[in-house]
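Accompanying notes for the structure given below.
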Amino acid sequence: MMNKVFSAEQLDSKDPIRHKRELFSLPENTVYLDGNSLGPLPKAAELRAREVVNEQWGRDLITSWNKHEWISLPSKVGDQIGALVGAKSGQVICCDSISVNLFKVLSAALKMQPHRKVIATTKDNFPTDLYMVQGLIELLGDDYRLEYIDEHNIEASLNDEIAVLMLTQVNFRSGNKINMKDVTALAHKHGILTLWDLAHSAGAFPVELDDAHVDFAVGCTYKYLNGGPGSPAFIYVAERHQQRYKQPLAGWMGHAAPFAFEPDYQPAQSIKQNLSGTPGVIGMSILSAALEAFDDVSLKALDEKSKKLQTFFICEAKRAGVWDAFDFASPVIDNRGSQIALKHKDAYAICQAWIAQGVIADFRAPDILRIGFAPLYLRFVDIEYAVAQLSLIIEERQYEDPAFKQKHHVT
Ligand SMILES: *Cc1c(COP(=O)(O)O)cnc(C)c1O
């Protein structure tokens, strides 16, 4: 057995961002390794929910659109998110879901490339990303096609027929992380526009959209950004494209002058064009408060802590002798996001047995136990406990209990 250099308690006491955990309302006796799927409840979000429902909606009614500036929430929250993904203000707006936003951006990007008909992406991209392309191509007709490229050999797959390269920066199963700056530069050499999905990036590590010259990006806010279930997503359109950009879901909120109520659509010449209908004020207000957890902490510090937590997990698992029960299905630490994937034929039942011991991770079909390391609130002692439980589950073959094999709707 290897000896520990530092105990979990020592690592926690040396953690420069340990105070951030207090900002969250976490259930007792739970180790939450699923913040990459649904972030936990920030205390500020809970307070804001009450305020927006009781005081703003309940008392101030429709005057709140001005009085509490509901009308500028999408831009304000967009800029809050922008600060976390390296976008200077006026380029990010908060609206709708990733799925709907992909439709808008893909449509607009194809229009900007009238002589090209190919959208390129990876086959194991998140399904909704693929489905949105498939739906759009069906609408646009046979000239258009979806082309799958190799995530591990992107350069060789690029050519001058591709209109848009749509990539998710961090693979949702394996955690494989693509070098955004290099790949964007390679795509631009071929005249390809880039669209990055930041679902597993935003709030987990530094993302530099402006610096990488990214054209477009989308992302959700209920994962590492802790905005709550179904909280609104975001869109980034680089400033240089905003004049030519025209998305087809032309709604009144994206009009240049929504309150002129004119019969003809005139798009806003700004990121606001992406607004289609009335924003979900309650969810967006809650999200705005949740994002305050990122005040006074750098994404670099979060990334560093995530890497330490991951390394500690792996060391502990090796020390406990449980590591060899799994096949490691993630790349090396510098090439992955804030998660690791462990393969096991009984991964589903193992995950359920872990949950029964208060450790929440998730399962991705067919055989992956997916473990998220959200650095704002996880402690090293949590990781120590999680590994000890995992070790018992494997040693005692607890996963063979039929109760843990029963499939639920949501995994
Ligand atoms: C979570 C996730 C989504 C979710 O899309 P919604 O429209 O918000 O449901 C999309 N893409 C990726 C890569 C994801 O990980």
Side-chain angles (χ1 to χ4, degrees), residues 33-40 74 77-78 81 85 92-107 119-136 146 148-149 151 154 164-178 180 183 194-205 207 209 214 216-236 247 249 274-277 279-280 283-284 286-287 290 329-330 336-341 361-365 368 370-374 409-411:
L33 303 178
D34 217 356
N36 53 325
S37 217
L38 174 68
V77 179
I81 298 166
V85 292
V92 178
I93 194 124
C94 184
C95 55
D96 302 313
S97 61
I98 288 189
S99 304
V100 172
N101 289 341
L102 283 169
F103 183 86
K104 295 181 217 170
V105 177
L106 285 168
S107 308
I119 297 173
T121 191
T122 57
K123 197 160 194 166
D124 66 344
N125 200 341
F126 191 84
T128 210
D129 299 53
L130 305 179
Y131 302 161
M132 293 313 293
V133 175
Q134 291 163 18
L136 180 60
L146 167 61
Y148 290 122
I149 62 166
E151 176 174 346
I154 294 171
V164 187
L165 175 64
M166 175 187 79
L167 293 171
T168 295
Q169 189 187 12
V170 175
N171 182 297
F172 79 107
R173 287 194 192 89
S174 69
N176 184 53
K177 181 176 167 187
I178 300 172
M180 177 182 276
V183 169
T194 56
L195 164 55
W196 292 88
D197 184 333
L198 305 177
H200 295 279
S201 309
F205 52 78
V207 175
L209 291 176
V214 163
F216 311 106
V218 297
C220 59
T221 62
Y222 48 78
K223 293 173 180 166
Y224 293 100
L225 296 176
N226 314 306
S231 59
F234 64 91
I235 298 187
Y236 165 89
Q247 66 88 9
L249 299 183
N274 287 294
L275 294 177
S276 290
M284 216 175 282
I286 291 172
L287 166 62
S330 293
R336 67 175 185 253
S338 202
Q339 66 185 71
I340 60 176
D362 65 23
F363 163 78
R364 285 293 173 264
I368 285 180
R370 196 176 67 155
I371 305 165
F373 295 85
H409 283 302
V410 177
T411 60

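Every number for a ligand or one of its atoms is a count from 1 in the order of the listing. These numbers come from a predicted model, not from an experiment.
With Lys104 contributing its side chain and Leu249 its backbone, the two residues share no donor-acceptor pair below 3.5 Å. Under a 3.5 Å cut-off, the side chain of Arg336 and the backbone N or O of Ala341 do not form any donor-acceptor pair.
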Between ligand 1 and the protein, which N/O pairs fall short of 3.5 Å?
unit_1, atom_1, unit_2, atom_2, d
ligand 1, 7 (O), Ile98, N, 3.3
ligand 1, 7 (O), Ser99, N, 2.8
ligand 1, 7 (O), Ser99, OG, 2.6
ligand 1, 8 (O), Tyr222, OH, 2.8
ligand 1, 9 (O), Tyr222, OH, 3.4
ligand 1, 11 (N), Asp129, OD1, 3.0
ligand 1, 11 (N), Asp197, OD2, 2.9
ligand 1, 15 (O), His200, NE2, 2.8
ligand 1, 15 (O), Lys223, NZ, 2.6

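Side-chain contact check for Thr128 versus Leu130: every heavy-atom pair is 4.5 Å or farther apart.
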Mind listing the side-chain donor-acceptor pairs of residues 219-229 below 3.5 Å, one per line with the distance, residues two or more places apart or on another chain?
unit_1, atom_1, unit_2, atom_2, d
Thr221, OG1, Ser231, OG, 2.6
Thr221, OG1, Pro232, O, 2.6
Tyr224, OH, Ser338, O, 3.2
Asn226, ND2, Tyr224, O, 3.3

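Tested against Met166 for a side-chain contact (heavy atoms from CB on, under 4.5 Å), the candidates Val218, Thr194, Thr122, Leu102 yield a single pass: Leu102.
Here Leu165 contributes atom CG and Thr121 contributes atom OG1; the two are 7.0 Å apart, rounded to the nearest 0.5 Å.
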